[in-house]
Amino acid sequence: MEGSVCFNPTTNYNNGGLALPVLDYPHTNNPCAASVIRGHVYRGTAIPVIQGTYFYADFCTGFVRSFRFNNGSALEQTEWPLLAASSITSFGQDGLGELYILTRGGTVSRIVPN
């Protein structure tokens, strides 16, 4: 599977009972395609309004997005342009639940209140 789309074979497939993703996004018109960077649920205290929000990114496009998971659905989907960065490789989380974004260039940025 590639997200919720069958990858190989592309038709007449049997997903074998796989759990489909809660959320996926198209990656057309991008020569790099998509490379989803898994994130974390924000559990920090610096920004209470985003507690319980799951953050993720895309290595190729550099976007950072989030959603809240509720009753099996991705709700409150948000894009965070101020967090976008080139070649995001990972997210980190400290002992207080604060989130960090890491890039291939070696930058480590903490998500802080605006």
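Because the structure is predicted, anything quoted here is derived from the model rather than measured. All residue numbers in this chain count up from 1 along the given sequence.
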Working note: Val64 + Tyr56, criterion side chain to side chain contact (heavy atoms under 4.5 Å, CB included); need CA distance, chi angles, decisive distance, verdict. CA-CA 6 Å; Val64 174; Tyr56 65 100; over 6 Å; no

Would you sort out whether Phe67 and Leu75 count as a side chain to side chain contact (heavy atoms under 4.5 Å, CB included), showing the intermediate values? CA-CA 6 Å; Phe67 65 89; Leu75 306 175; over 6 Å; no

Joint cluster assignment, Tyr54 & Leu23, ILVMFWY side-chain distance < 4.5 Å: yes

Is Leu83 linked to Tyr100 within one hydrophobic cluster, defined over Ile, Leu, Val, Met, Phe, Trp and Tyr using a side-chain heavy-atom separation of less than 4.5 Å? no

Ignoring hydrogens, what is the shortest heavy-atom contact between Leu96 and Asp94? Give both atom names and the distance. N-OD1, 2.9 Å

Taking all heavy atoms of Ala74 and all of Val22, pick out the closest pair and write down the distance. N-CG1, 3.6 Å

Restricting to pairs with a member in residues 66-75, which pass salt bridge (Lys or Arg N to Asp or Glu O under 4.0 Å), not counting sequence neighbours? Arg68-Glu76

Counterpart residues, ring pair (Phe, Tyr, Trp, His ring centres under 6.0 Å), relative to Phe59 (two or more places apart): none

Donor-acceptor contacts, no H, no angles, side chain residues 103-111, under 3.5 Å, sequence neighbours left out:
{"from": "Thr103", "atom 1": "OG1", "to": "Gly105", "atom 2": "N", "distance (Å)": "3.4"}
{"from": "Thr103", "atom 1": "OG1", "to": "Thr107", "atom 2": "N", "distance (Å)": "3.2"}

Among residues at least two apart in sequence or on other chains, which ones pass side-chain contact (heavy atoms from CB on, under 4.5 Å) with Leu82? Asn114

Should Leu102 and Ile88 count as side-chain neighbours, where that means a heavy-atom distance under 4.5 Å? no

Show me the pairs that pass ring pair (Phe, Tyr, Trp, His ring centres under 6.0 Å) and involve residues 72-99, at least two apart or across chains. Phe55-Trp80

Checking Asn71 now: which residues fulfil side-chain hydrogen bond (donor to acceptor under 3.5 Å, both in side chains) with it, not counting sequence neighbours? none

With a cut-off of 3.5 Å and sequence neighbours excluded, list every side-chain donor-acceptor pair involving residues 38-47.
{"from": "Tyr42", "atom 1": "OH", "to": "Thr45", "atom 2": "N", "distance (Å)": "3.4"}
{"from": "Tyr42", "atom 1": "OH", "to": "Ala46", "atom 2": "N", "distance (Å)": "3.1"}
{"from": "Tyr42", "atom 1": "OH", "to": "Ile47", "atom 2": "N", "distance (Å)": "3.0"}
{"from": "Tyr42", "atom 1": "OH", "to": "Glu98", "atom 2": "OE1", "distance (Å)": "2.7"}
{"from": "Tyr42", "atom 1": "OH", "to": "Glu98", "atom 2": "OE2", "distance (Å)": "3.3"}

Is a side-chain N or O of Asp58 found less than 3.5 angstrom from the main chain of Ser35, in a donor-acceptor match? yes

